[in-house]
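Below is one structure, written out as structure tokens, with a few remarks after it.
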Amino acid sequence: MPSYSIGQAARLLGVSSETVRRWADGGRLRMERDGSGNRVVDGASLAAFAQERGAGLHAVPEDVPTSVRNSFAGIVTAIRFDDVIAQVEVQSGPHRLVSLVTREAVEELGLEVGVTVTARVKSTNVHVDLP
């Protein structure tokens, strides 16, 4: 099983190394020492922590019936229009999401740069690459 340094864990969680240290020192994230004495977190523990931490960060309101399981709260950073289509860019934490929707939908929703939105992603194609 892979193990991750504090810096690697921080990058994967989208926080600073100091935040990871505080979580470990506070008992929220279990760390061990490797053969060289460096603090590391095993991959399974890091995955469980990331999943626990992410549950509820961008939760779907209970009164919204949906089959979509991937929701990202964010802020609109750019909108580009043509006659029919609009490209909407959303920044959600470290993630940039781009959506192509109708111009009519953007106008009906009142979307503009600076508006808080929830982007919902449902895909049948998700590509996974190794670094």
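Treat the numbers as computed from the prediction; the structure is a model and nothing was measured.
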Got a second to check how far E52's CD is from R28's CZ, nearest 0.5 Å? 7.5 Å
Between A9 and Y4, the two heavy atoms sitting closest are N-CB, 4.3 Å
Hey, are D42 and R30 close enough for a salt bridge, meaning a charged N less than 4.0 Å from a carboxylate O? yes
Could you see if L97 belongs to whatever hydrophobic cluster contains L109? Use Ile, Leu, Val, Met, Phe, Trp, Tyr and a side-chain cutoff under 4.5 Å. yes
What one should report as the nearest heavy-atom pair of V41 and S45 is CG2-CB, 4.0 Å
Do the side chains of V121 and I75 join up, straight or via other hydrophobic residues, at under 4.5 Å, putting them in one cluster? no
Apply ring pair (Phe, Tyr, Trp, His ring centres under 6.0 Å) to F49 and list each qualifying residue two or more places apart in sequence or on a separate chain. W23
In one Ile/Leu/Val/Met/Phe/Trp/Tyr side-chain cluster, 4.5 Å: F81, L100: no
Lys/Arg N to Asp/Glu carboxylate O, E32 vs R39, below 4.0 Å: no
Member of V115, T116, T77, V117 meeting the side chain to side chain contact (heavy atoms under 4.5 Å, CB included) criterion with V90: V117
Which is it for N38 and R33 under the side chain to side chain contact (heavy atoms under 4.5 Å, CB included) test, yes or no, and what are the steps along the way? CA-CA 5 Å; N38 297 316; R33 300 274 178 184; over 6 Å; no
Side chains of V88 and V76 in contact at under 4.5 Å (non-hydrogen atoms): yes
Determine, stepwise, if the pair E89 / Q87 fulfils side-chain hydrogen bond (donor to acceptor under 3.5 Å, both in side chains). CA-CA 7 Å; E89 292 185 25; Q87 176 182 310; 3.3 Å; yes
Do the side chain of Q8 and the main chain of S5 share a donor and acceptor less than 3.5 angstrom apart? yes
Kindly compute the distance separating CG (L46) from CG (L29), expressed to the nearest 0.5 Å. 6.5 Å
So how far is it from M31 CE to D25 CG, rounded to the nearest 0.5 Å? 9.5 Å
Could you check if a side-chain atom of T118 sits within less than 4.5 angstrom of a side-chain atom of F72, using non-hydrogen atoms only? no
With a 3.5 Å distance limit and no angle check, can you tell me whether S92 reaches the backbone of H95 through a side-chain donor-acceptor pair? no
Would you compute the distance between atom CZ of R103 and atom CG of L111 and round it to the nearest 0.5 angstrom? 12.5 Å
Taking all heavy atoms of S17 and all of G7, pick out the closest pair and write down the distance. OG-CA, 3.7 Å
Which heavy atom in A86 sits nearest to a heavy atom in V106, and how many Å separate them? CB-CG2, 3.6 Å
